[in-house]
Structures are given as C-alpha cells and as structure tokens.
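Have a look at the structure below, then the notes.
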There are 2 protein chains.
Amino acid sequence: MAVTLADVAARAGVSSATVSRVLNGNYPVAGSTRERVRRAVAELDYVVNGQARALAAASSDLVGVLVNDVADPFFGLIASALQREIGAGPGNPPSGGKLAVVCNTGGSPESELTYLTLLERQRAAGVVLTGGAVEDGPHTAAVAARLARLASSGTRIVLCGRPPLPDTAPGITTLTFDNRGGARRLTEHLLSLGHRRIGCVAGPPERSTTRHRLEGHYAALAAHGLVPGDGDAVGSGDLPGQPVVYGGYDRSSGYDGALELLRKDPSVTAVVASNDAAALGVCAALRDRGLRVPGDISVAGFDDLPFSVDASPALTTVRIPLQEAGARAGRLVLGRSAPPPGWVATVTTELMVRESTAPPAHPARTARTDR
Amino acid sequence: MAVTLADVAARAGVSSATVSRVLNGNYPVAGSTRERVRRAVAELDYVVNGQARALAAASSDLVGVLVNDVADPFFGLIASALQREIGAGPGNPPSGGKLAVVCNTGGSPESELTYLTLLERQRAAGVVLTGGAVEDGPHTAAVAARLARLASSGTRIVLCGRPPLPDTAPGITTLTFDNRGGARRLTEHLLSLGHRRIGCVAGPPERSTTRHRLEGHYAALAAHGLVPGDGDAVGSGDLPGQPVVYGGYDRSSGYDGALELLRKDPSVTAVVASNDAAALGVCAALRDRGLRVPGDISVAGFDDLPFSVDASPALTTVRIPLQEAGARAGRLVLGRSAPPPGWVATVTTELMVRESTAPPAHPARTARTDR
DNA sequence: CTGTTAGCGCATTCAA
DNA sequence: TTGAATGCGCTAACAG
C-alpha cells in the first residue's frame, strides 16, 4: 500500500497532526521538528492523498472546463490559457496548482448537464463554461438551475464566451464576447468597401453566438438602409438581397454554405462566414467554382484563429482575445481576481483587415435589382 | 450543507448501507426498497461525494493527460479524442465516465514531474503522456522512475506519441508514432521528384520526435548516396549540401529557420519542416523572399493537421492518425482494451502528397557543387 | 509548540 | 435482504 501520514509520523517520531501541519504550513511548528518531518517525507517518498485531504478539509483541487471540443482551436486556446493560469508553475503557490478537468460537450445541453453532475460529484472548486449557449428554453433553464445550485454550494462558476444567465445568480461571473459589435464592424467594413449584397454563412441557428453575430451583421446593413429595422430583431427568413444560410462552425459547413448561397443569389459580392474555419471552407468552395478571393468575391471570417493569417489570401476577420479571456476566466474561477461589477464583463473584439476582402469588382452591379 | 447518504437513508427509511447498495448496484436489494431509495435520491437531488467514495473504495474517476499545450492542434486532437473516449456519453456506463485532467507541460520534464505528483495525489486511475520526450538523461530517468512507481501502485500509464521507456516497466503501455518511417517516405518523395539538395528545418534537437524525423530524413538521403552512412546515426553538424537548422514546432520557427537555411545554402530546392505549423512559416518566409512554392522551392510539413489542406498551396505532409491514437490511448488507459504484445504498438503514418511539392525548376542545378 | 480526539461521506465487512 | 459497525487518510478543533 501507499505510505500514509501515519507512516511519516511514526518515522519522524511525531504525531500525524504535526506532519499535517508542516505539510500545510498553516500552523507554527518548531524548526527542528519541521526538519525531521521533512526528512521523513523525503525518505518515504510520501505523497498526500488528495481525496482524503479534500474530504477532511471540504476542499478540492479540481476545476472543470466545459468546451464544445478541445480540438477546435477556439476552445483549445481558451482551455490552454486557463489551464496555464490555474495549474502548477511559476506564479502559483508551489504546492498549489489546481487541475483542469476538460470536458467535451459538443455543445449539447444534455452533455453539459451530465458533466456538471460529474463535477459536482468531485466537489470541484470551480467550473468554467465556454462557448455560446444553446438557446432552447427547458435545457437552458436546467443548466441555469444546476449552476445556481453549484454556486450556492461554494463552487465558483464562470461563463466565458456566453451571454449572462437570465437571472444573474450571484456568484456566477460572466465574460461575454462582443460578437455583436465585432460582426457589426466587420459588415461595416465590407459596406465601406462598396459591397451592397453580402451573403452570410451563419452558424447553427439555435446558438447565442450565431444570433449575436447575425444581429451585428443586420445592424450594419440596417444602418445603411439595406434591410429594414434596426437589426435588433433577427428574422428567420432572408432579407431581400442579403441572403443567409445556416450551418455549423466548421470548414465543411462553410463549403456547403457558400455553394448554397451562390445558388440562392449569384450576385453576392461578399460573404461573411460563421467563423474562420467556415471562411476557409467558403474560400475553397469559391475557388472550386472558379471564383477568385477577393477578386470576384470577398470573404471574411471570425475569431482570428492562428491559421487565419496563413491562409491565402490571409483572412479578414474579427479577433477575439481568447487567450486573455481564458486566463482571466482562470483567475476569476480561482477567486484570485475580483469579479467585475454586476458580475458581467465584456471582452472586446477587434476587426482585422487582411487580404480576403477588397472592393467589389463591379460596384455598379450592386445598384441594380436582380429580381 | 450538501445532502449526504445518511440524509437519503433517513428519507427512505433504510440504512445508509442500503442506499449505497442501490447506488452502486453491485449487491442484491429488494425491488420495493430500491424504488423507495431511488425516489428519495431524486427528491433530495442527491449527488454522491466522489472524494468520499474514492477514499472508501480506493478508486478514482480521474485520468491525467499530459500534453505540451492543448492549444496546439496536434495535442488538441489527441486530447479531444481521448476525452471523448473516456468521458460520459454513449458507449460508456451511464453513471460512469472518467474525467480527463489536462495538463500543459510545455514539454518541460520538471513540469511533467510536477503534474505527475499532482496526479499521484489525486490517485488518478490512469495517466497518458503525449508527445515526444526530452532526451536528457537525468530528467528522463526521473520521469521513468515516477511512472514506474505510479504503475506499481495501480495507476495505468500510457505513452502516446513517444518512444517506449528504456526498461519497459510492465504495466506501461506505449503507442509510438512511426515518425522515422514517415519522414523517410517524405524525403523519398522529394528525391523521386528530382530534388537533390533538401534543407531541413528541424524541431528542438533534444526531443525524440525531432531525432526520429531526422533519422528518417537521413535514411532516405543515405539510400540515394547523398549522405554517408545508413542514416541511423544523426550527426550534429550539417551534411554536405543537405543543410539542417533546428528550431521549434511553431510557425515562427519555420519562418526563421527558412531564412537561415537560405543563408546557409541558397541552392536548396526543397525544404522539409519540423511539422505543419513550421511548414507554413517556411512558406511565408519564402514568399517574403519572392520565392514561389512549389515553383521555386518545394515545402513539406508533418502531422497533417486540419489546416494543412487549406493552406495554399495545400501542404504535402505526413499524416499521423492523431484522433485514432488518442481514442486508443483512452481505451488502453481505462483497461478497456488489451495492451499490445510487448506493451508497445506502433501507429503508422501516411504520406499525403498535395500541392506544395513539385519537381525542382532546374534539376541540372542540383548536380553542381556549390563550394 | 505538540498530541489527542473526532469526524468528513462513503463502502464494506460481519451479523442478524 | 438488511442493519450496525469499522475504517479509508486526512484536517481541525481542543487540550495540554
């Protein structure tokens, strides 16, 4: 069997309480005794039993991180920065360092609930939920209820990249991304280049991120009088001359979406994609149809993932400081950073203009009506 | 406080032992009693305390995953597949599902040791170490010793993408990647296109992955009589006409390495990079120098990460089935899959020929000596 | 400053 | 089939 506190105590000729004290260093112990204990620990290669300690102290070294998929760089970047912030290493107490439990939910609320239960079992010190939320009544409510319970039992909750919960339960900190503003600036950029017919390959319609990006898109269009309203309400159908298709946040969705978009309205001169991966799919589809980017059609992404700069043409996109956000979420979930006023903070986004967007080839065309 | 087993027992009018039995379902319990307990559990929203359970049962629901950096798609893909395999979800026992503890080590052996200690504290059910090892005597030995101890105390150990430990301790399963064979086939591909002067932007010299890929590279060159020896021994210096520079596994290393390579030997007609990310850096550097890929110089990567197909030109590279490997590592670390004979299995790699490699523009040039 | 005592919440003997 | 009792390894009062 493994060596226990008692073994160390016996070896050092002291009581187990004393060993516990030197180990935790939260109580005065005589220097000589401490040395003796230290030696015994080293000689026996003793490693504390975290489960016993957690049980006795009602504490935990675990922090849960719920992501859609860590293999997706969007989530990988957040998770990585978060882990680095809370884990062992410089800047953290030497013996300290929490462990990051990464859970792939695939965006499914059922899966989120399952993992929240698993993390509650472990009495996790904190839980960070990343990525947009599914906007579906019952499930959302169930998740919110679960989170409220966790929070009330002392688990710190941080939402990173998703909108605040309806009734901002105290103790739940939210770090939203300014998807709406970023999308708006992106579409404004296209409009200022002269584009008047802009297609959109959006993400899954049920996700908050999709909705917010679309709202920003519409807001920019509305400000130019290209669609009715103020863009706050996103309709389900297409707006005249500004086609939208829904898909996923992956490359193939972008590919398929672009083809569908061209079928619906061959006269679009620019396409905004749900994110960078989809944008690359859009570019591939356009290339396969013999269209050049940005010569014939401009394409824009979202997120500014590392590979976007290496695509050719390099992608115009909206940068979200994912690593900073992940690190901050880490500090918040450890309580090492004070929660923002009102428990909600917004992470700003930045337009990155690169090579995949340019003025339309035939600006005149955008003026005529096609049907 | 949280509701405990005793609370449930009181509510159901049974003993806590009975509740434990229905919960674990590993002991006969009368149907009616079971129903009563079930109801009490539901009414009280009871969630077992994993730490207490782990302490009492000497078990654990945690599996550690050591990676260089989850944000790197190479590791992200492995970690993701692994998590999916061991986590909650279809295919796994409903109440089951282990939690994946992801640790960024940055490749540093000290960091590896630290996290191994943290995982030992938690009495993790298993630990998976991914990515190449640092080939530095003392540290490697320390890690090996630590792993042996973990293994002997019942923790399942799986090495995924690194060479087997010197003295293959029983209980330690290894899934090596055939970096050597892949690199050899890649260089052979370039040779068969007519290249005779091939530069190499290698990874960090102290890593096993770097060494293996270089060995494969040299083996191919040696087979064509372009370098002396059989390629098994990798020298530290350059071989005549086949320049090598060392860097990292990231884009900027590729960029800098390419420039250095051109400085050393402007006559190279092809460059093999340490991996795909570095290859994109190489491409960028060449473009900045006014060279076209593959028109002027061919470039090849390694790993075949998702973005490689979207680069332009699409990267010729060597595919490693990272997701399959990660999933398999997951099965092995849970003991759900029988370890391979000899505790070691090799994951094969596959040459992916795409657009970034082509015959050299001036094959004749490769024949003349430059100095 | 140090030892003794009493749980933390659960699984698992052993009896009944 | 069920209950009572014991201990997992550690921390946290409480004494001394």
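Note on naming: letters A, B, ... go to the chains in the order of the sequence lines (proteins, then strands), and numbering restarts at 1 for each one.
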If only atom types and distance count, is the side chain of B/N104 paired as donor or acceptor with the main-chain N or O of A/S80 below 3.5 Å?
-> yes
Return the value, rounded to whole Å, for the distance between atom CG of A/D61 and atom P of D/dT11.
-> 11 Å
Within a strict 4.5 Å, meaning less than it, do heavy atoms of the B/D61 and A/L118 side chains meet?
-> no
Which nucleotide in the list C/dA11, D/dT2, D/dT11 gets nearest to the side chain of B/S20?
-> C/dA11
Considering only C/dG7, C/dA11, D/dA12, which nucleotide approaches the side chain of A/N26 most closely?
-> D/dA12
For the residue pair B/R146 and B/V127, establish whether any side-chain heavy-atom pair is separated by less than 4.5 Å.
-> no
When all nucleic acid strands are considered with a 4.0 Å heavy-atom cut-off, which category describes B/A30: base, sugar-phosphate, or nothing?
-> sugar-phosphate
In whole angstroms, the gap separating P of D/dC8 from CG of A/L5 amounts to 13 Å
Do B/R21 and C/dT13 share a donor-acceptor pair, side chain to base, under 3.5 Å?
-> yes
OP1, OP2 of D/dT2 versus side-chain N and O of B/S15: anything below 4.0 Å?
-> no
Write down the atom of B/R162, the atom of B/A133, and the distance for their closest heavy-atom approach.
-> NH1-CB, 3.9 Å
Return the value, rounded to whole Å, for the distance between atom OH of B/Y27 and atom C1' of C/dC14.
-> 10 Å
Map B/A57 and B/T18 onto DNA chain D by nearest heavy atom, then report which one ends up closer to the 5' terminus.
-> B/T18
Phosphate oxygens OP1/OP2 of D/dT2: is one of them under 4.0 Å from a side-chain N or O of B/T33?
-> yes
Report the distance from atom CG of A/N24 to atom P of D/dG9, rounded to the nearest whole Å.
-> 17 Å
Donor-acceptor contact present, side-chain B/Y27 to main-chain B/V22, <3.5 Å = no
Which listed nucleotide (C/dT2, D/dC8, D/dT1) is nearest to the side chain of A/V29?
-> C/dT2
Among the nucleotides D/dT11, C/dT12, C/dC10, which one has an atom lying closest to any side-chain atom of A/R53?
-> D/dT11
Closest to the B/A56 side chain: C/dA11, D/dT11, D/dC10?
-> C/dA11
To the nearest angstrom, how far is A/L55 atom CG from C/dG9 atom C1'?
-> 6 Å
For atom CG of B/N49 and atom C1' of C/dG7, their distance in whole Å | 14 Å
Classify the nucleic acid contact of B/V19 as base, sugar-phosphate or nothing, counting any heavy atom under 4.0 Å across all strands shown.
-> nothing
On DNA chain C, nearest-nucleotide positions of B/A52 versus A/S32: which is more 5'?
-> A/S32
Separation of atom CZ in B/R34 from atom P in D/dT1, rounded to whole Å = 9 Å
Atom-pair distance (CZ on B/R123; P on D/dC8), nearest Å = 14 Å
